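Below: one structure, written as structure tokens.
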Amino acid sequence: MTDSPTAGTPYGTLPPASPLPQRRPVSLPRLAQMREAGEKITMLTAYDATFAAVADAAGVECILVGDSLGMVCQGLPSTVGVTLEHMAYHTASVARGLHRVQGTAWLIADLPYGSYAESREQALRSACQLMQAGAHMVKLEGGGWTAPTVQFLVERGVPVCAHLGLTPQTVHALGGYRVQGKGDQAAQQLRRQALELQDAGAAMLVLEMVPTPLARDLTQALPRCHTIGIGAGSGTAGQVLVMHDMLGINLGKNPKFVHDFMRDAGSVRGAIEAYVQAVKQGRFPDDAQHAWN
Ligand code: KIV
């Protein structure tokens, strides 16, 4: 018996660590360098140790423990039922998986519904719980009222990723999963909120289901805040997908911004490697197919 952490168990042995040259931990300065060099940032969700380790080994730079785990892992109808305890549990599982394979990915965890809206202090307490579970950064949804909260967290050493456009935690207020930022007024509001979030110190911004030209314009307007698109076209600094969607293993119909990378791959790792390559080479997303223009 070796002292390998997975020795002695027949279940869920993790993949070997990423090849040495890739083992440079992803950090905020490294993400800024990638952006500067014009290299696209790849992000994928993961909710457990094994899939996180596979994504890391496949070269994904950022792993998001998304509250989409409500639908993907828990069978909930939306993300609204996900609690801070659920998020801390899955974040700790992912962090352990990455640690066991000497993973290098930057780990982001979603602050769930109801865990940051009450006050900046509540947001800090919730963020601390996720950081202590192993996250490097927390993500929160919405613009306007969130900017002072982002500033409060960033000033206290918590890196923040913001999230604008379709914000699933407010799906009931938005009236459904619809494209956001359409029309001059809505686009201007989104632009104003994005600039406020950058000024507040958000280092990343997920843009979900917004028209391609708007996402491209925001990316140019936000040099210090890396835009990560999902259904936002090819002009963002990086891309994110829900892992189970891009592996084609969900039960429903995928939204149009998803590509099933498993279809032409022989393995989960192969599918994730194909996603990474497609994003880096500008082949995914295809604006004619996966975006709103
Ligand atoms: O919860 C999640 O997985 C997300 C992504 C869709 C960006 O927020």
Side-chain angles (χ1 to χ4, degrees), residues 35 40-43 45 62 64 66-68 71 78-80 108 110-111 113 116-117 137-151 160-242 245-246 253-259 279 282 284-293:
R35 173 112 185 252
K40 294 279 183 185
I41 298 166
T42 57
M43 187 187 291
T45 67
C62 303
L64 170 66
D67 58 0
S68 51
M71 289 88 134
S78 76
T79 59
V80 172
I108 305 160
D110 264 342
L111 283 167
Y113 181 75
Y116 56 95
M137 174 179 243
V138 298
K139 178 162 82 60
L140 52 77
E141 296 184 5
W145 69 272
T146 56
T149 301
V150 169
Q151 185 172 346
V160 177
C161 175
H163 185 153
L164 290 177
L166 189 275
T167 44
Q169 290 173 12
T170 44
V171 64
H172 301 305
L174 294 174
Y177 295 96
R178 310 204 159 107
V179 184
Q180 303 294 312
K182 282 205 304 196
D184 283 353
Q185 218 178 327
Q188 270 166 26
Q189 189 190 18
L190 222 140
R191 196 176 207 278
R192 195 170 51 247
Q193 292 178 343
L195 289 169
E196 282 168 7
L197 288 163
Q198 174 177 261
D199 287 347
M204 273 194 202
L205 169 64
V206 167
L207 288 173
E208 182 162 357
M209 287 178 73
V210 301
T212 304
L214 175 60
R216 195 180 293 280
D217 170 54
L218 292 179
T219 302
Q220 281 160 11
L222 300 173
R224 289 174 280 114
C225 179
H226 315 313
T227 56
I228 307 292
I230 174 163
S234 61
T236 48
Q239 296 291 328
V240 59
L241 283 177
V242 167
D245 291 347
M246 57 77 75
K253 185 175 171 292
N254 272 335
K256 81 170 186 173
F257 55 77
V258 175
H259 176 76
V279 172
F284 179 82
D286 172 355
D287 289 342
Q289 205 184 333
H290 304 116
W292 290 270
N293 296 304

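Given the structure is predicted, the values throughout are model-derived calculations rather than measurements.
In this structure, S78 and H172 approach most closely via the heavy-atom pair OG-NE2, 4.4 Å. Taking every heavy atom of both residues into account, G143 and T146 meet most closely at CA-OG1, 3.5 Å. Heavy-atom minimum distance, A200 versus A147: CB-O, 3.4 Å. What you find for A162 and A202 is that their closest heavy atoms are CB-CB, 4.3 Å. Between L218 and A194, the closest heavy-atom pair is CD2-CB, 4.1 Å. Minimum heavy-atom separation, G181 to A187: O-CB, 3.7 Å.
Put simply, OG1 on T167 and CG on L140 are 11.0 Å apart, with the number rounded to the nearest 0.5 Å. Atom CG of D67 sits about 6.0 Å away from atom CD of E141, to the nearest 0.5 Å. Taking CD1 from I228 and NE2 from H163, the interatomic distance works out to 12.0 Å, rounded to the nearest 0.5 Å. The structure places OG1 of T45 at 10.0 Å from CG of D110, a figure rounded to the nearest 0.5 Å. To the nearest 0.5 Å, the span separating CG on L241 from CG on L64 amounts to 11.0 Å. Separation of atoms CG (L214) and CD (Q188) is listed at 10.5 Å; rounding is to 0.5 Å.
Within the 4.5 Å cutoff, no side-chain heavy atoms of R191 are placed close to those of Q189. Inter-residue side-chain proximity for M71 and T79 is flagged as met; some heavy-atom pair is nearer than 4.5 Å.
In this structure a side-chain-to-backbone donor-acceptor pair under 3.5 Å is missing from Q289 to D287. At least one donor-acceptor pair under 3.5 Å links the side chain of Q198 to the backbone N or O of R224. Looking at Q151, its side chain never comes within 3.5 Å of a backbone N or O of L197 through a donor-acceptor pair.
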*L190 and L207: side-chain contact (heavy atoms from CB on, under 4.5 Å), yes or no, with the steps?*
CA-CA 10 Å; L190 222 140; L207 288 173; 4.2 Å; yes
*For M209 and Q180, what are the C-alpha separation, side-chain angles and deciding distance, and is it a side-chain contact (heavy atoms from CB on, under 4.5 Å)?*
CA-CA 6 Å; M209 287 178 73; Q180 303 294 312; 5.7 Å; no
*Let me see the working for C62 and M204 under side-chain contact (heavy atoms from CB on, under 4.5 Å), right down to the final yes or no.*
CA-CA 11 Å; C62 303; M204 273 194 202; 3.8 Å; yes
*Could you please spell out the steps behind the side-chain contact (heavy atoms from CB on, under 4.5 Å) verdict for L195 and L222?*
CA-CA 7 Å; L195 289 169; L222 300 173; 3.8 Å; yes
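More than 12 heavy atoms of other residues, nucleotides or ligands sit less than 6.0 Å from atom CZ of F257. Around atom CG of D184, no more than 12 heavy atoms belonging to other residues, nucleotides or ligands sit under 6.0 Å away.
By the 30° and 60° cut-offs, the orientation of the rings of H259 relative to F284 is tilted.
The only option from I108, L111, V160, L205 that meets the side-chain contact (heavy atoms from CB on, under 4.5 Å) definition with K139 turns out to be I108.
Under the side-chain contact (heavy atoms from CB on, under 4.5 Å) criterion, R35 pairs with T219, H226, A237, sequence neighbours left out.
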